[in-house]
2 protein chains.
Amino acid sequence: MNVMNASPRRKELTRLAAQLFVQEGFDRTTVRMLAQEMGIKSGSLFHHFRDKQEILAAVIEEGTENALIIARDALARCDSSASARLHAMARAHLETLLTDRNAHVVALYEWRRLDTEARAHLSHLRDAYEALWEEVIDEALAEGLVHGDRFLVSRFVMGALNWTVRWYDPEGTRTPDELADELVAMITRSASTP
Amino acid sequence: MNVMNASPRRKELTRLAAQLFVQEGFDRTTVRMLAQEMGIKSGSLFHHFRDKQEILAAVIEEGTENALIIARDALARCDSSASARLHAMARAHLETLLTDRNAHVVALYEWRRLDTEARAHLSHLRDAYEALWEEVIDEALAEGLVHGDRFLVSRFVMGALNWTVRWYDPEGTRTPDELADELVAMITRSASTP
DNA sequence: CATTCACACTAGCGCTTGCTTGGTTGAATG
DNA sequence: CATTCAACCAAGCAAGCGCTAGTGTGAATG
């Protein structure tokens, strides 16, 4: 069994697992289905993962780590104005959500299937990500770009963005960036949409 | 087996099932757990419901029907201004979401576990509800209360509201009505929060 | 050339699952 | 008082579940 997530084989298996978990749900995805999708027999699966739970944890960990990296990167390379940072954060959020879609859908829907230890570990990652949001929201509040309670605003914004996985059509006319900008415009006083 | 949802016994069983589905998730809730919670044996369950799927459908149907009733009622009894109707709709949404919480959490999380027929039937109910929202949003757009695309705005608003089931604490200081008003204020140009 | 190692296989154990079957109640109905 | 009927129970079947044990590879390592 591999301990690190780093093994390239394991990373590929994790990606496949994410896809199946989205299609069928975690509980309905059997180890035999996972194995078949991976082109191996069900027993061989446990060479890469201790148990089924660990596959779920690997999927969610991957997704959340990617989200953190992309968000930090976006914030680092953008303008330092509150508006620019707000736009960058919203765009980064949708970018991860919609490109790394499978992993995030799993994280949103199957979080409760994690056992206590995995949940504790992954909570830290998620908290780090949410802290980024609250930071950016704080700056927007300070500049009067948006109004309201910092906690509430960040929850509302993340809710609106996360909900997109339910209805957004990548084949449609709107790009994720446009979507993000529209949301920011909606909660921002100065912007206008003719 | 009862065909109608109307049997009082069945309604009570549905309520209990909703609670268990929230605690454990649909797939992890066994018919034996359901039966025990209901104070009967597992076999007796199938006198009330054709199969496990039908219990899930009953839970979601109940919740969605209630949401429709409450929303229509709220719209009927409120002022006819776009602002009043927007507030009423948001408040109604959170009221159902948080009082009939179990059923709605199940609807949000376990929708995909429904089979094709049940999903088709319940989709109509849900569409009727969402149509109410788009109507109210349309009026708000027409009066210049909010700006943007009708489709996008309604999705963003519903996302922000539905997301509350993940973090809202009924024991906390904020009432659902305050929450709803805060969200409306956030997307509304004229309001201000000192 | 011997050893190790990652990776895969076969076979199946022990348990739980949703659901069925056939029968028993106790109250309401004609 | 015979009949009906919703509601329940006891017992269990067939299928599927996660996971384990033991073994076989071919490539890399010493």
Side-chain angles (χ1 to χ4, degrees), chain A residues 1-60 106 110 112-119, chain B residues 1-60 106 110 112-119:
Chain A
M1 178 228 341
N2 272 305
V3 174
M4 285 293 288
N5 225 349
S7 149
R9 180 80 174 122
R10 185 172 148 133
K11 231 172 185 150
E12 171 65 5
L13 298 185
T14 303
R15 209 184 51 79
L16 287 170
Q19 191 185 335
L20 260 183
F21 287 164
V22 169
Q23 272 173 41
E24 309 286 333
F26 177 70
D27 290 321
R28 291 223 158 141
T29 305
T30 68
V31 293
R32 283 169 243 263
M33 292 165 67
L34 286 164
Q36 189 176 17
E37 193 76 13
M38 297 165 178
I40 56 179
K41 298 297 174 184
S42 72
S44 313
L45 228 167
F46 297 92
H47 170 73
H48 300 280
F49 302 93
R50 196 178 331 132
D51 51 25
K52 198 187 164 192
Q53 281 267 344
E54 197 178 271
I55 308 180
L56 177 61
V59 167
I60 297 184
V106 170
E110 314 283 2
R112 304 152 36 81
R113 304 296 168 264
L114 290 168
D115 56 38
T116 323
E117 324 150 47
R119 185 141 47 184
Chain B
M1 176 232 340
N2 272 305
V3 173
M4 287 291 289
N5 226 350
S7 148
R9 181 77 175 127
R10 185 171 149 134
K11 231 173 185 150
E12 171 65 5
L13 297 185
T14 302
R15 209 184 50 80
L16 287 169
Q19 191 185 336
L20 260 182
F21 286 164
V22 169
Q23 271 173 41
E24 309 286 334
F26 176 70
D27 290 321
R28 291 227 156 136
T29 305
T30 68
V31 293
R32 284 167 242 265
M33 293 165 65
L34 286 164
Q36 189 176 18
E37 192 77 9
M38 296 165 178
I40 57 179
K41 297 298 173 181
S42 73
S44 313
L45 229 166
F46 297 91
H47 170 72
H48 301 279
F49 303 92
R50 195 178 331 133
D51 52 24
K52 200 186 162 192
Q53 282 265 346
E54 197 178 271
I55 310 181
L56 177 61
V59 166
I60 296 183
V106 171
E110 314 284 0
R112 302 152 39 79
R113 303 299 169 262
L114 290 168
D115 55 39
T116 323
E117 324 151 45
R119 186 141 46 185

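Chain letters run A, B, ... following the sequence lines, proteins first and then strands; every chain starts at 1.
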For [X] and [N], give me the distance from atom [atom1] to atom [atom2], rounded to whole Å.
X	N	atom1	atom2	result
B:His48	C:dT20	NE2	C1'	16 Å
A:Leu56	D:dG18	CG	P	13 Å
B:Phe49	C:dT20	CZ	P	15 Å
A:Leu34	D:dC17	CG	P	11 Å
B:Arg28	D:dC17	CZ	C1'	12 Å
B:Glu24	C:dG18	CD	P	12 Å
A:Leu45	C:dC9	CG	C1'	13 Å
B:Phe46	D:dA11	CZ	P	18 Å

- Message: For A:Gly43 and B:Ile40, find the nucleotide of DNA chain D closest to each by heavy atoms; which residue's nucleotide sits nearer the 5' end?
- Response: B:Ile40
- Item | A:Gln36 atom CD, neighbour heavy-atom count above 12 within 6.0 Å | no
- Task: Can you establish whether the number of heavy atoms outside B:Gln23 located under 6.0 Å from its atom CD is more than 12?
- Result: yes
Proximal nucleotide (of [options]) relative to the [X] side chain:
X	options	result
A:Lys52	D:dC19, C:dG18, D:dA7	D:dC19
B:Val31	C:dC7, D:dC19, C:dC19	C:dC19
A:Ser44	C:dG18, C:dC9, D:dG18	C:dC9
B:His47	D:dC19, C:dT20, D:dA6	D:dA6

- Determine: side-chain N/O of A:Lys41 to OP1/OP2 of C:dC9, distance under 4.0 Å, yes or no. no
- Message: Can you see if the side chain of A:Arg9 gets near the phosphate of C:dA8 - specifically, an N or O under 4.0 Å from OP1 or OP2?
- Response: yes
- Query: Under 3.5 Å, is there a donor-acceptor pair between the side chain of A:Lys52 and the main chain of A:Phe26?
  - Reply: yes
- Message: With a 3.5 Å distance limit and no angle check, can you tell me whether B:Gln53 reaches the backbone of B:Arg113 through a side-chain donor-acceptor pair?
- Response: yes
- Would you say the base of D:dG16 and the side-chain of A:Arg32 have a donor-acceptor pair closer than 3.5 Å? no
- Item | Spacing of CZ belonging to A:Phe21 relative to OG1 belonging to A:Thr29, to within rounding of 0.5 Å | 5.5 Å
